[in-house]
Every structure is written in structure tokens, then in C-alpha cells.
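The structure under discussion appears below in the form of C-alpha cells.
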Amino acid sequence: MLTKTQKAIAGGIAGTAAMTLIMYIGSLIGMPKMSPPAMVSMMTGLPLAAGWLMHFLIGVIFALSYSFFFIHVVKKISNKLVRGALFGLTVFLFAQIAMALLEALSAEIPPMEGNLILLMAGSILGHIVFGMVAVM
């Protein structure tokens with residue numbers, strides 16, 4: 001039997017993989033290209049492999065935060081998919097705030113390419129998918 005921590009780690013990895021796949025497929029069907037690992041790599045000045053590792057570690061950290069904290073906020077919602085969607089939206093909002101703070105601190109943020117509305121829609125969808133997969 002897996003512990004709560006092991007389930008959260010597996011959920012974070014699976015959720016991050018699903019989110020990344022959705023963003024990749026989106027770029028194939030006309031959505032703007034989004035690559036969180038490339039963005040992390042560019043922001044930190046580290047190789048792309050480090051960006052991938054950090055991307056998955058961030059997903060695991062978010063899943064752990066769900067497992068130990070956020071679940072208490074949404075425990076009255078019985079449907080796991082709805083819980084996951086709310087969690088994904090929360091992660092999206094947190095990511096937007098973090099990016100704005102990094103930009104305010106003069107961090108080197110990669111320029112956005114493509115239609116801003118499509119970028120936001122793709123990012124929201126990706127984070128919702130992350131949340132739904134991570135909580136299952």
C-alpha cells in the first residue's frame with residue numbers, strides 16, 4: 001500500500017506529464033507553442049535537461065501541497081475531478097503571480113510568442129489537466 005507522500009509524488013509526476021502532453025498536442029493543432037521546461041531553463045540559465053527536472057519537481061511539490069494542505073480546503077467537494085480542476089486553477093493562479101513577481105524582481109522572463117488569449121487558454125487547460133490527474 002502506498003503512503004500519502006508516495007501517492008502525491010506519483011500524482012505530481014503523472015499530472016506534470018499529462019499537462020506537458022496537452023501543451024505539446026496543443027501546439028500541433030494550432031495553439032501557441034508552450035514549453036515550461038524551456039522557460040525554466042531560460043530563466044535559470046541552466047541546460048534544458050535541468051529545466052525538465054525542475055518542471056517535474058515543481059509538479060511534485062504542487063501535488064504534495066494538495067495532498068497535505070489544499071485537500072482540507074476542498075474536502076466538502078466529493079467529486080475528485082472537480083477538486084482537481086479547482087486545484088489546477090489554483091496552481092495556474094499561483095504560477096501567474098509567481099511569474100509577475102519574478103518579472104518585478106527583474107528576472108529574465110522569456111517573451112511570450114503568439115496570441116495572448118490562446119496562450120492563457122492553453123495554460124489554464126494544461127493546469128486543469130495537471131490538477132485532475134494529480135488528485136486521482
Side-chain angles (χ1 to χ4, degrees):
M1 181 173 206
L2 294 175
T3 67
K4 186 178 190 178
T5 301
Q6 290 169 325
K7 288 179 184 177
I9 291 169
I13 292 169
T16 303
M19 174 185 173
T20 305
L21 182 63
I22 289 293
M23 290 180 167
Y24 176 73
I25 291 170
S27 70
L28 295 176
I29 60 170
M31 297 286 285
K33 182 181 178 196
M34 292 181 275
S35 176
M39 186 172 67
V40 171
S41 172
M42 190 179 299
M43 287 171 53
T44 59
L46 295 171
L48 185 57
W52 275 101
L53 178 64
M54 291 171 71
H55 176 55
F56 274 89
L57 287 175
I58 291 166
V60 167
I61 290 167
F62 276 125
L64 286 166
S65 73
Y66 173 83
S67 183
F68 289 98
F69 304 109
F70 191 82
I71 193 158
H72 301 295
V73 176
V74 294
K75 63 184 170 189
K76 291 185 179 181
I77 300 171
S78 60
N79 188 318
K80 277 189 171 186
L81 290 177
V82 174
R83 275 193 219 169
L86 286 173
F87 178 60
L89 284 172
T90 303
V91 171
F92 169 78
L93 290 173
F94 182 84
Q96 296 308 302
I97 292 167
M99 293 299 288
L101 289 173
L102 285 171
E103 194 169 18
L105 295 171
S106 299
E108 193 170 322
I109 306 293
M112 299 285 184
E113 295 180 17
N115 183 303
L116 185 60
I117 292 172
L118 290 177
L119 282 168
M120 292 303 268
S123 184
I124 290 169
L125 177 63
H127 283 92
I128 288 173
V129 167
F130 165 79
M132 293 170 95
V133 171
V135 305
M136 296 310 275

Does P37 offer a backbone N or O that forms a donor-acceptor pair with the side chain of S41 under 3.5 Å? no

Applying a strict under-4.5 Å side-chain criterion to I, L, V, M, F, W and Y, I'd like to know whether F92 and L81 cluster together. yes

Take atom CZ in F94; do more than 12 heavy atoms of anything else shown fall under 6.0 Å from it? no

Would V74 and Y66 count as a side-chain contact (heavy atoms from CB on, under 4.5 Å) if you check the C-alpha gap in whole Å, the side-chain angles of each, and the deciding distance to 0.1 Å? CA-CA 10 Å; V74 294; Y66 173 83; 4.3 Å; yes

To the closest 0.5 Å, what do you measure between CD (Q96) and NE2 (H127)? 7.5 Å

More than 12 non-hydrogen atoms from neighbouring residues, nucleotides or ligands closer than 6.0 Å to CG on L28, yes or no? yes

Is the number of heavy atoms from other residues, nucleotides or ligands under 6.0 Å of K33 NZ greater than 12? no

F87 and F62 aromatic ring geometry - parallel, tilted or perpendicular at 30°/60° bounds: perpendicular

Using modelled atom types only, decide if a donor and an acceptor are shared between the side chain of K4 and the backbone of F68 within a distance under 3.5 Å. no

Taking all heavy atoms of A63 and all of A134, pick out the closest pair and write down the distance. CB-CB, 4.5 Å

Atom of R83, atom of I71 and distance for their closest heavy-atom approach: NH1-CD1, 3.9 Å

Using 0.5 Å steps for rounding, measure from the CD1 atom of I22 to the CD1 atom of I128. 11.0 Å

Value rounded to 0.5 Å, distance of OG1 in T3 from CD1 in I9: 7.5 Å

Students often mix this up, so state it plainly: with edges at 30° and 60°, are the rings of W52 and H55 parallel, tilted or perpendicular? perpendicular

Run M19 and M34 through side-chain contact (heavy atoms from CB on, under 4.5 Å) and show every step you take. CA-CA 11 Å; M19 174 185 173; M34 292 181 275; over 6 Å; no

Output the distance between atom OG1 (T5) and atom CG (L64), rounded to the nearest 0.5 Å. 6.5 Å

Membership question, hydrophobic clusters at under 4.5 Å side-chain separation (ILVMFWY): are V135 and I58 in the same one? yes

Within one Ile-Leu-Val-Met-Phe-Trp-Tyr cluster: L21 and V129, side-chain cutoff 4.5 Å: no

Rounding to 0.5 Å, atoms CE (M42) and CG (L48) come to a distance of 9.5 Å

Would you check if the side chain of T20 reaches a backbone N or O of T16 as a donor-acceptor pair within less than 3.5 Å? yes

In sequence, state the C-alpha distance, the side-chain angles, and the governing distance for L46 and M54, and then conclude on side-chain contact (heavy atoms from CB on, under 4.5 Å). CA-CA 10 Å; L46 295 171; M54 291 171 71; 4.0 Å; yes

When you measure from the side chain of S123 to the backbone of L119, do you find a donor-acceptor pair of N or O atoms at a distance under 3.5 Å? no

Please check if M120 and L93 belong to a single hydrophobic cluster, counting links between Ile, Leu, Val, Met, Phe, Trp and Tyr side chain heavy atoms closer than 4.5 Å. yes

Common cluster, M23/V91, ILVMFWY with side-chain heavy-atom separation under 4.5 Å: yes

